[in-house]
Structures are given as structure tokens and as C-alpha cells.
Amino acid sequence: MLKKVIIGCILALPLIAMAEEKEQEFEISCQGGPEGMVTEVPGIVSALASVKCTVYGQIITGAEGVLWNYPGGFAPVIIPAQMVRSQPEKVKNEYYFTSITAKNLSKNEAIEVYKGFGQGFDQMPKDAPETTEIVATNQKGVVQKVYLFQLGPQTIWGYTCQPACKPEMSFMVMKFERPKS
């Protein structure tokens, strides 16, 4: 029996190594990217958002330990610099962000943005919560926005505008803490 387990583990090692290689192929180094390529998000959103370089160009997504996810399933949210309807090309750092800004919105600005958010969701606050806006511009001048709503002490939702804002683009911001050893 032990012999079969050992043989099974030996046979599985190449598959595990291949899986790790595949995973590493998606994210690439930002080093040597084009002049003007932004490689960090502003400090006010760095706990919730990050910019990564991938084989398909740069993306903005959740920070380390944070997952942006569409409700109802495992569907991670990314904001790509390469704006295509389907089948993105492997362009590495050819598609990138030249500007990423973030600010906390005033109450009036938040009210306007919040009007279109969360339609069809139960138990959303009626009043606009604290809202942070992320604005990303790619090398072709295409502007995309992300709004993050602090609905409660541990409850954050987001809303993407790529480029138009649509209620179905609402997503959850989930924080995962590493177990303390």
C-alpha cells in the first residue's frame, strides 16, 4: 500500500509543477515596462486594490489578501488596460496604465454615484456611504472607474465603469486574513 502511495506521489509531482508553471505564466514582472507605466495604486486604496502586470497587459484587482468578486459565484473582478470584448491578446506590458488616481468623494458626489449602485440587492443602505473613486487611464487614453462603498465596518462593495457604469458591474470586496501562527 505504501509503495502505491509513493509511486502516486512521484507521478503527481510533474503535474503539480506544471500547474505552478501555468499559474506563474499569467502574472509577469513589471520591470522593463514602457516609460510612463504606473506600477502602484495610490496609498488611500493600497489595502484594497493593486496593479499587476500580466501576459495580457496590466490589470487592477484586489490587493494581496483581498478578492474582488461578482456575487453569486467565483468570478474575480479585474480592470484590464487592454479593453477588448473577448479573446484578449498576449501583449505583456504593451497595454498599461499611464495614470491611476484615487480620492474619497464628497457626500454630494457619493450620492450621485450611489444612485446606480446595488439595484436589485436586498438590504442596501438608503443613504450613500463613504465612497472612494479609482480612475485608471490606459496608454490609449481610455478611462475606467471603480467606486468602493464602505457599507459597514467589514462590508465593502464595488462598482466598475468600463467605461459606462452598469448595476450588473457591482461586486463584493472580500478581505482574507492569514491565520496567525
Side-chain angles (χ1 to χ4, degrees), residues 23-24 26-28 30 37-85 88 95-138 142-181:
E23 190 173 305
Q24 292 171 351
F26 178 72
E27 192 171 337
I28 62 173
C30 292
M37 182 172 81
V38 176
T39 57
E40 294 181 357
V41 296
I44 68 169
V45 293
S46 62
L48 298 174
S50 67
V51 61
K52 298 181 184 304
C53 293
T54 76
V55 295
Y56 300 104
Q58 280 190 312
I59 62 170
I60 298 174
T61 191
E64 183 70 30
V66 177
L67 176 65
W68 294 2
N69 193 57
Y70 290 113
F74 184 72
V77 176
I78 62 168
I79 310 304
Q82 182 182 177
M83 296 294 297
V84 295
R85 291 193 189 277
Y95 278 80
Y96 57 94
F97 295 106
T98 58
S99 172
I100 302 173
T101 61
K103 70 175 186 172
N104 293 321
L105 298 183
S106 70
K107 190 69 172 170
N108 288 338
E109 290 171 318
I111 288 169
E112 283 303 308
V113 171
Y114 193 67
K115 283 179 184 177
F117 170 75
Q119 297 172 3
F121 291 107
D122 294 338
Q123 301 175 344
M124 287 293 173
K126 288 186 170 92
D127 295 328
E130 288 182 31
T131 304
T132 302
E133 176 186 67
I134 302 171
V135 179
T137 306
N138 74 7
V142 176
V143 176
Q144 300 178 73
K145 295 180 182 181
V146 176
Y147 295 98
L148 301 174
F149 303 102
Q150 185 76 47
L151 300 177
Q154 298 297 317
T155 307
I156 302 171
W157 278 74
Y159 186 53
T160 64
C161 305
Q162 301 177 328
C165 300
K166 298 176 185 172
E168 60 269 19
M169 300 304 282
S170 300
F171 62 91
M172 301 175 286
V173 177
M174 300 183 295
K175 294 182 185 179
F176 297 96
E177 293 185 21
R178 292 182 184 217
K180 296 176 182 165
S181 335

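Residue indices begin at 1 and follow the sequence shown. This is a predicted model, so every value here is computed, not measured.
- Taking E112 as the reference, K115 meet the salt bridge (charged side-chain N to carboxylate O under 4.0 Å, His left out) condition, with sequence neighbours excluded.
- Not a single donor-acceptor pair under 3.5 Å links the side chain of Q150 to the backbone N or O of T132.
- Between Y70 and F171, the ring planes are perpendicular. Angles over 60° get that label, and only those under 30° would be called parallel.
- Side-chain contact check for P129 versus W157: every heavy-atom pair is 4.5 Å or farther apart.
- Residues K175 and I156 form a side-chain contact, since some pair of their non-hydrogen atoms from C-beta on lies under 4.5 Å apart.
- Remark: side-chain polar atoms of T54 are not paired, donor with acceptor, to backbone N or O of E27 under 3.5 angstrom.
- Of the possible donor and acceptor atoms, none in the side chain of T160 sits under 3.5 Å from a partner among the backbone N and O of C165.
- With hydrogens and angles disregarded, no donor-acceptor distance shorter than 3.5 Å links the side chain of T155 to the backbone of G152.
- Residues V135 and V143 form a side-chain contact, since some pair of their non-hydrogen atoms from C-beta on lies under 4.5 Å apart.
- With sequence neighbours excluded, the residues that form a side-chain contact (heavy atoms from CB on, under 4.5 Å) with A102 are P42, I44, V45, I134.
- Residues I59 and V51 have side chains not in contact (no heavy-atom distance under 4.5 Å, counting atoms from C-beta outward).
- A donor atom on one side chain and an acceptor atom on the other are not found under 3.5 Å apart for Q82 and Y56.
- Side-chain contact between V38 and Y96 is absent, with no heavy-atom pair separated by less than 4.5 Å.
- Residues forming a salt bridge (charged side-chain N to carboxylate O under 4.0 Å, His left out) with E109 (at least two apart in sequence, or on another chain): K103.
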- Task: List the steps, then state whether side-chain contact (heavy atoms from CB on, under 4.5 Å) holds for K52 with Q58.
- Result: CA-CA 6 Å; K52 298 181 184 304; Q58 280 190 312; over 6 Å; no
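- Here the side chain of N138 pairs no donor or acceptor atom with the backbone of F97 at under 3.5 angstrom.
- What you find for A49 and W68 is that their closest heavy atoms are CB-CZ2, 3.6 Å.
- Inter-residue side-chain proximity for L48 and L148 is flagged as met; some heavy-atom pair is nearer than 4.5 Å.
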